[in-house]
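Reckoned from all heavy atoms, side chains included, excluding hydrogens, waters and symmetry mates. Bear in mind the structure is a predicted one, so any value in this text is a computation, not a measurement.
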Amino acid sequence: MSANPFTRLAPFIQEFIYKKRWDTLREAQVEACRVLFDTPNHLLIASGTASGKTEAAFFPALTELYNEPSSSVGILYIGPLKALINDQFERITDLLKEGQVPVWHWHGDVSQAEKTKLMQKPCGVLQITPESLEGLLMNRPNAIPALFQDLRYVIIDEVHAFMGADRGIQVLSQLTRIERMASCSPRRIGLSATLSDYETAAAWLGAGTKNAVEVVSPQGGRKLRLSVEHFSFPDARDEKQAEQLALARKAYYDFVYDNTHLKKALVFTNSRSDAELTTLELRRIAAKREQRDVFHVHHGSISAMLREEAEAALREGPGPAVAAATLTLELGIDLGELERVIQLGAPYSCSSFVQRLGRSGRRGDQASEMMFLCPEDEDEEAQLPARMPWMLLRAIAVIELYIREKWVEPLALRKKPVGVLYHQTMSTLKSMGEAEPPDLARAVLTLPAFRGIELEEYKEFLQYLIQTDHIQRTEEGSLIIGLGGEKIVNNYRFYAVFKDDEEHVVYNGSEEIGSITTVPPPGYCFSLAGMLWKVEEVDTKHKALYVKSAKGKVDTLWLGAGGDVHTRVVQKMREVLEDSTIYPYLAPGAVNRLERARRLARESGLLKQVVIPAGGDSLFILPWAGSKQFRTLERLLKHNLSERLALRSIVPMEPYYMVVAGKVDNETLMEEIRKELTDCEDAGALLDPDEAPYLGKYDEFVPPKLVRTAFAADGLDLEGLAEVLGMAHGAAGRGAMDV
């Protein structure tokens with residue numbers, strides 16, 4: 001290839017680069033041109049945020065469409081969020097002003113008129129979510145050939161957000177179905193800023209195709225500016241302590257306010273409830289100080305209009321703007337020149353940390369700046385493990401793992417994704433209209449994600465769906481959607497494979513504010529969009545809530561728990577406790593809290609063994625294991641050992657420790673855990689005969705036997721638990737069980 005790929009780009013792209021005053025193409029862009037111009041391979045671009053990944057994918061792909069216009073949609077862009085689709089739509093529209101290559105976006109907020117225009121004359125670039133793509137495949141199968149017959153490229157943005165999740169299985173299934181229905185063979189381009197396991201990612205991207213996958217991963221350094229501060233909230237046992245708690249909370253929110261209100265800043269929280277509460281408190285402080293309200297909320301339950309207002313204020317607004325957000329702003333939306341990113345609490349993963357860190361320092365040689373604020377309850381009279389600052393330890397662990405080791409969580413692909421098997425079976429059958437059983441089996445089981453499903457398992461699966469009337473057999477023996485299945489498939493919620501709690505839409509007059517999952521009765525108050533509302537009317541039939549502005553109490557109106565933590569993160573937390581290093585990014589409060597925790601760990605013997613006495617007939621178990629292995633140990637104790645050892649209670653504090661009560665000493669319990677792990681060959685042995693725990697949204701429609709098999713394969717990890725406890729699974733070695 002020419003040393004300067006710039007000369008091979010379409011004239012309108014060259015003009016775009018001139019207008020942007022770029023001196024040179026970035027490394028990712030040069031390498032992407034090499035792969036896409038000179039090879040037939042798929043492409044995985046794994047580079048940091050603001051490294052030009054989007055342009056790297058689009059420049060050569062659009063050049064091909066400019067030189068040889070496609071007779072259908074030529075580029076299919078799949079994004080995980082509507083907000084990201086909207087952001088990229090604006091960016092690509094600007095790029096294509098002179099190129100005469102149309103760009104369309106398609107999701108729930110796009111007008112039907114725009115969608116009709118595309119269907120009448122398919123061309124250019126289509127940007128879409130997996131859910132909208134599912135709707136196309138199911139409901140407009142006859143339009144798929146004309147829409148995609150000359151599809152050249154599929155660009156999957158934020159591939160890490162799909163891989164290892166049910167949505168990733170859905171996307172791979174959709175691509176294979178498109179290729180079959182439209183007789184096309186598009187090349188695939190994956191984009192991500194948080195990959196470390198390139199081999200697994202490349203295998204995922206190319207699944208079901210014959211093309212090789214090339215990885216482009218420029219190793220550019222970035223300047224970082226990190227700080228971690230800790231805030232202790234005392235337990236309010238009496239009036240004096242209640243006053244101390246109020247002062248501590250005031251100091252915490254004052255600190256957040258003082259570090260954001262004069263800047264363009266993003267405040268990440270780990271839950272929608274925390275985002276709401278934080279914004280409410282910051283607005284109260286602004287009102288008390290008689291200063292401007294520059295605060296916004298951004299999460300999945302806020303109306304599209306209010307989310308777009310928050311994005312515009314950060315990206316284009318003239319003055320300070322602060323948005324409290326969840327993962328909806330974690331993925332690659334360009335928010336312009338943010339001055340600060342604050343993380344309240346600690347991310348659950350290094351992957352999340354990298355994404356959130358990348359929201360700042362996106363211009364020139366600016367440093368990426370992130371401030372961790374760790375508020376934790378502290379009760380000196382609590383049980384020993386409860387006195388550990390787990391949030392602070394997790395914050396330090398994810399920073400150290402990424403900065404020192406460039407480690408990011410490896411991707412775990414599902415072995416038995418039975419819920420998505422149901423989803424794709426029903427979607428495929430809806431698309432086909434009717435099908436002979438062998439044809440349906442062939443269409444579904446040859447999709448890349450279902451190679452681990454045996455033919456006999458699928459036969460039993462189809463028989464079960466017939467028995468439950470999700471599928472019906474015609475007199476001629478072919479299969480169609482049954483009455484029970486129609487209720488599921490014909491609901492718009494079927495397009496999504498991720499779990500979504502049914503929500504009520506909240507209106508202030510005619511203005512949509514957002515939505516909530518827990519519906520309070522009339523007269524009660526709650527927080528939404530960072531403001532307080534009082535319920536005036538509940539319309540159960542139409543799932544709507546009518547409210548007016550209020551000044552009452554705050555309540556949590558969303559269900560949900562924290563994220564899973566990888567074993568490597570938990571083990572790094574243990575190393576941080578055991579170490580004596582004072583990390584340079586720790587603020588004084590964090591240094592003090594870490595030193596006290598280290599002293600307590602040394603004096604108590606917390607790090608010396610897995611099971612330690614807790615006083616009376618109670619024991620603490622600290623396996624230093626990730627969430628999946630922790631839950632495996634919990635199940636092993638409850639299902640296999642509880643009755644035998646007369647354990648009267650097992651209380652998990654996932655994933656850090658458990659409190660076990662019963663007439664057994666610590667050495668005996670550890671020995672029994674060892675023995676059970678050695679003898680247990682099949683994770684299915686940790687399930688009751690009639691137990692079938694769900695892992696996915698559609699597992700409830702799958703035969704219980706198959707759900708059990710799937711849970712044993714994907715929900716438990718005996719081998720990982722044995723490894724983390726210092727044992728070789730299936731062997732009686734004791735290894736480093738007692739450290």
Side-chain angles (χ1 to χ4, degrees), residues 44 76-85 88 105-108 126-138 154-178 188-195 197 200-201 203-208 299-300 326-333 348-349 351-352 355 409-428 444 447-450 452 488-489 491-501 560 563-564 694-702 710 714-715:
L44 176 64
L76 177 65
Y77 168 97
I78 301 175
L81 296 172
K82 288 191 287 188
L84 185 57
I85 295 278
Q88 296 292 14
H105 59 171
W106 187 304
H107 55 65
L126 173 60
Q127 298 177 303
I128 198 166
T129 60
E131 291 68 41
S132 292
L133 188 54
E134 194 71 54
L136 267 176
L137 289 167
M138 283 175 54
V154 175
I155 299 174
I156 306 174
D157 207 349
E158 308 287 0
V159 292
H160 59 274
F162 292 116
M163 296 171 60
D166 285 355
R167 283 180 101 199
I169 298 170
Q170 179 184 24
V171 167
L172 289 182
S173 300
Q174 290 170 340
L175 295 185
T176 301
R177 291 167 64 188
I178 287 172
R188 300 177 184 177
I189 305 172
L191 310 178
S192 178
T194 64
L195 289 174
D197 182 359
T200 302
W204 181 88
L205 184 64
H299 57 68
T326 56
L327 55 79
T328 53
L329 286 182
E330 182 178 298
L331 301 175
I333 301 170
Y348 289 101
S349 67
S351 174
S352 181
Q355 283 294 133
E409 286 77 9
L411 298 154
L413 304 181
R414 293 277 302 275
K415 298 171 186 173
K416 298 275 189 182
V418 295
V420 193
L421 178 71
Y422 169 86
H423 183 269
Q424 287 300 299
T425 295
M426 300 298 283
S427 177
T428 300
V444 174
L447 296 174
F450 305 129
I488 307 299
V489 171
N491 189 314
Y492 75 95
R493 297 165 71 90
F494 179 74
Y495 300 150
V497 294
F498 54 84
K499 292 181 180 178
D500 53 341
D501 297 311
D564 278 357
Y694 300 151
L695 285 175
K697 180 178 178 181
Y698 297 105
D699 287 19
E700 62 178 296
F701 305 130
V702 176
D714 296 321

Peer 1: Please tell me if the side chains of V702 and L421 come closer than 4.5 Å, counting only heavy atoms from C-beta onward.
Peer 2: no

Peer 1: Taking all non-hydrogen atoms of both residues into account, name the closest pair between D699 and G696 and its distance.
Peer 2: OD2-N, 3.2 Å

Peer 1: Does any part of the side chain of S132, heavy atoms only, come nearer than 4.5 Å to the side chain of Y495, both counted from C-beta?
Peer 2: no

Peer 1: Locate the shortest heavy-atom distance separating L126 from W106; write the atom from each residue and the value.
Peer 2: CD1-CB, 3.9 Å

Peer 1: Can you tell me how far the CG atom of L133 sits from the CD1 atom of I178, to the nearest 0.5 Å?
Peer 2: 4.5 Å

Peer 1: Between G79 and P130, which heavy-atom pair has the shortest distance, and what is it?
Peer 2: O-CD, 3.4 Å

Peer 1: Take Y77 and D157 through the test side-chain contact (heavy atoms from CB on, under 4.5 Å) and record every step on the way to the result.
Peer 2: CA-CA 7 Å; Y77 168 97; D157 207 349; 2.6 Å; yes

Peer 1: How close do K416 and G452 get, counting heavy atoms only, and between which atoms?
Peer 2: NZ-O, 2.8 Å

Peer 1: If you measure from CD1 on I155 to CD1 on I189, what distance do you get to the nearest 0.5 Å?
Peer 2: 4.5 Å

Peer 1: Kindly determine whether M426 and I488 satisfy side-chain contact (heavy atoms from CB on, under 4.5 Å), including the steps that lead there.
Peer 2: CA-CA 9 Å; M426 300 298 283; I488 307 299; over 6 Å; no

Peer 1: Applying side chain to side chain donor-acceptor pair (under 3.5 Å), name anything that partners Q424, two or more places apart in sequence or on another chain.
Peer 2: E134, R177

Peer 1: On a heavy-atom basis, which atom in D197 and which in L411 lie closest, and how many Å separate them?
Peer 2: OD2-N, 4.2 Å

Peer 1: Measuring from K415:NZ to D714:CG, what's the distance to the nearest 0.5 Å?
Peer 2: 7.0 Å

Peer 1: Apply ring-ring contact (aromatic ring centres under 6.0 Å, His included) to H160 and list each qualifying residue two or more places apart in sequence or on a separate chain.
Peer 2: none

Peer 1: Going from CG on L191 to CD1 on I78, what distance comes out if it is rounded to the nearest 0.5 angstrom?
Peer 2: 11.5 Å

Peer 1: From I128 CD1 over to H105 NE2, what is the distance, rounded to the nearest 0.5 angstrom?
Peer 2: 11.5 Å

Peer 1: Which atom pair, heavy atoms only, marks the closest approach of Y698 to V497?
Peer 2: CE1-CA, 4.0 Å

Peer 1: Give me the ring orientation class for H423 and F494: parallel if the planes are under 30° apart, tilted from 30 to 60°, perpendicular past 60°.
Peer 2: parallel

Peer 1: L175 versus R188: any side-chain heavy-atom pair under 4.5 Å?
Peer 2: yes

Peer 1: Nearest 0.5 angstrom please: D166 CG to R414 CZ, how far?
Peer 2: 5.0 Å

Peer 1: Would you say T176 and P448 make side-chain contact, with heavy atoms under 4.5 Å?
Peer 2: yes

Peer 1: Would you check if the side chain of R167 reaches a backbone N or O of P80 as a donor-acceptor pair within less than 3.5 Å?
Peer 2: yes

Peer 1: For W204 and I156, what are the C-alpha separation, side-chain angles and deciding distance, and is it a side-chain contact (heavy atoms from CB on, under 4.5 Å)?
Peer 2: CA-CA 12 Å; W204 181 88; I156 306 174; 4.2 Å; yes

